[in-house]
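A short worksheet on the structure shown next.
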Amino acid sequence: MDCLFCKIAAGEIPSTKVYEDEWVYAFLDIEPQAPFHAIVIPKEHIKSADQINSQNSLVIAKVFEAIAKIAKNENLENGYRVVNNCGADAGQTVGHIHFHLLARRNLAWPPG
Ligand code: AMP
Ligand code: ZN
């Protein structure tokens with residue numbers, strides 16, 4: 001499948017890995033929007049959040065388990081934000097579900 005994030009998870013395209021386990025891969029964003037900005041993905045190809053269902057939701061739980069571990073590893077004790085862009089209006093540009101993990105600055109709310 002011609003998917004950028006599947007290729008990154010498979011090591012076919014280089015990335016700066018911050019975490020990996022059986023289900024999840026996480027790497028630094030090439031255009032960071034915060035001093036710490038990682039992209040956390042399930043290795044299984046799911047297009048976007050609206051494609052989550054009872055057959056594939058376990059890997060999404062694994063993503064959030066991984067986020068808690070990354071936050072601990074990276075000492076994000078002041079907090080962090082997890083963002084998922086789903087579809088065109090939200091600005092999703094890569095068609096493999098991913099969660100932005102942003103930290104180490106004050107994050108405005110509402111996000112705009
Ligand atoms: P989104 O706009 O939510 O679809 O987010 C896609 C994110 O992937 C953006 O923040 C990009 O900077 C990031 N991105 C795209 N290509 C790469 C890459 N090769 N390595 C790391 N991050 C990437
Ligand atoms: Zn993919």
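Every number for a ligand or one of its atoms is a count from 1 in the order of the listing.
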Report task. Run the salt-bridge test on Lys43 and Asp21 with the 4.0 Å N-O cut-off and return the result as yes or no. Result -> no
Requested in this report: Output the atom name for the N/O/S atom of His96 with the smallest distance to the Zn ion (ligand 2).
Outcome: ND1
Report task. Run the contact test for Gly91 against ligand 1 with a 4.0 Å cut-off on heavy atoms, strictly below, and give the result. Result -> yes
**Report entry** Heavy-atom nearest neighbour of atom 19 (N) of ligand 1 within options Thr16, Ile41, Ile8
**Finding:** Ile8
Report task. Assess the pair Phe64 and Phe99: is the distance between their ring centroids shorter than 6.0 Å? Result -> yes
Report task. Search all heavy atoms of Ser48 against all heavy atoms of Ile97 and return the closest pair with its distance. Result -> C-CD1, 3.8 Å
Requested in this report: Just need the protein heavy atom nearest to atom 16 (N) of ligand 1, so name the residue and atom and give the distance.
Outcome: Leu4 CD2, 3.5 Å
**Report entry** SG (Cys3) - the Zn ion (ligand 2) - SG (Cys6) angle, nearest 10°
**Finding:** 120°
Query - Phe5 contact mode with ligand 1 (heavy-atom cut-off under 4.0 Å) - result: side chain
Requested in this report: Could you tell me whether Asn106 atom CG has more than 12 heavy atoms of other residues or ligands within 6.0 Å of it?
Outcome: no
Query raised in the report: Looking only at protein heavy atoms, which one is nearest to atom 4 (O) of ligand 1, and how far off is it?
Result: Thr93 N, 2.6 Å
Report task. Provide the atom name of the closest N, O or S atom of His45 relative to the Zn ion (ligand 2). Result -> ND1
Requested in this report: Quick one: look at Asn84 and ligand 1, take heavy-atom pairs under 4.0 Å, and tell me if it's side chain, backbone, both or neither.
Outcome: neither
Query raised in the report: Would you say Ile30 has any N or O atom under 3.5 Å from an N or O of ligand 1, going by distance alone?
Result: yes
**Report entry** Where ligand 1 meets His100 - atom numbers and elements under 4.0 angstrom, heavy-atom basis
**Finding:** 1 (P), 3 (O), 5 (O), 7 (C), 10 (O)
Report summary line: Nearest heavy-atom contact between Pro111 and Arg81 is CB-NH1, 4.3 Å
Report summary line: Atoms of ligand 1 under 4.0 Å from any heavy atom of Gln92, numbered from 1 in the order shown, are 4 (O)
**Report entry** Gln92 side chain vs Asn84 backbone, donor-acceptor pair below 3.5 Å
**Finding:** no
Query raised in the report: Are there more than 12 heavy atoms of other residues, nucleotides or ligands under 6.0 Å from atom CG of Asp89?
Result: no
Query raised in the report: Is any N or O atom of Val94, backbone or side chain, closer than 3.5 Å to an N or O atom of ligand 1?
Result: yes
Query raised in the report: Side chain, backbone, both or neither: which part of Val83 comes within less than 4.0 Å of ligand 1 when only heavy atoms are counted?
Result: neither
Query raised in the report: What residue and heavy atom of the protein are closest to atom 11 (C) of ligand 1, and at what distance?
Result: Asp29 OD1, 3.4 Å
Query raised in the report: Hey, are the side chains of Tyr19 and Ile67 touching, using non-hydrogen atoms and a 4.5 Å cut-off?
Result: no
Query raised in the report: Would you call Gln33 a ligand 1 contact, heavy-atom distance under 4.0 Å?
Result: no
Report task. Count the heavy atoms of every other residue, nucleotide or ligand shown that sit under 6.0 Å from NZ of Lys7, and state whether that count exceeds 12. Result -> yes
**Report entry** Atoms in ligand 1 with a heavy atom of Glu31 nearer than 4.0 Å
**Finding:** 12 (O)
Query raised in the report: Ignoring hydrogens and geometry, is there a side-chain-to-backbone donor-acceptor pair from Arg104 to Asn78 under 3.5 Å?
Result: no
Report task. Ignoring angles and geometry beyond distance, decide whether His37 reaches within less than 3.5 Å of ligand 1 through its nitrogen or oxygen atoms. Result -> no
Query raised in the report: Does Asn85 reach ligand 1 with a nitrogen or oxygen that is under 3.5 Å from one of the ligand's nitrogen or oxygen atoms?
Result: yes
Report summary line: Looking only at protein heavy atoms, what sits closest to atom 5 (O) of ligand 1 is His98 NE2, 3.0 Å
Query raised in the report: Rounded to the nearest 0.5 Å, how far apart are CG of Asp50 and SG of Cys86?
Result: 4.0 Å
Query raised in the report: Is Leu28 in contact with ligand 1, taking contact as a heavy-atom separation below 4.0 Å?
Result: yes
Query raised in the report: Between His96 and His98, is the gap from one ring center to the other below 6.0 Å?
Result: no
Query raised in the report: With distance as the sole test, does Asn56 use its side chain to make a donor-acceptor pair with the main-chain N or O of Val59 at under 3.5 Å?
Result: no
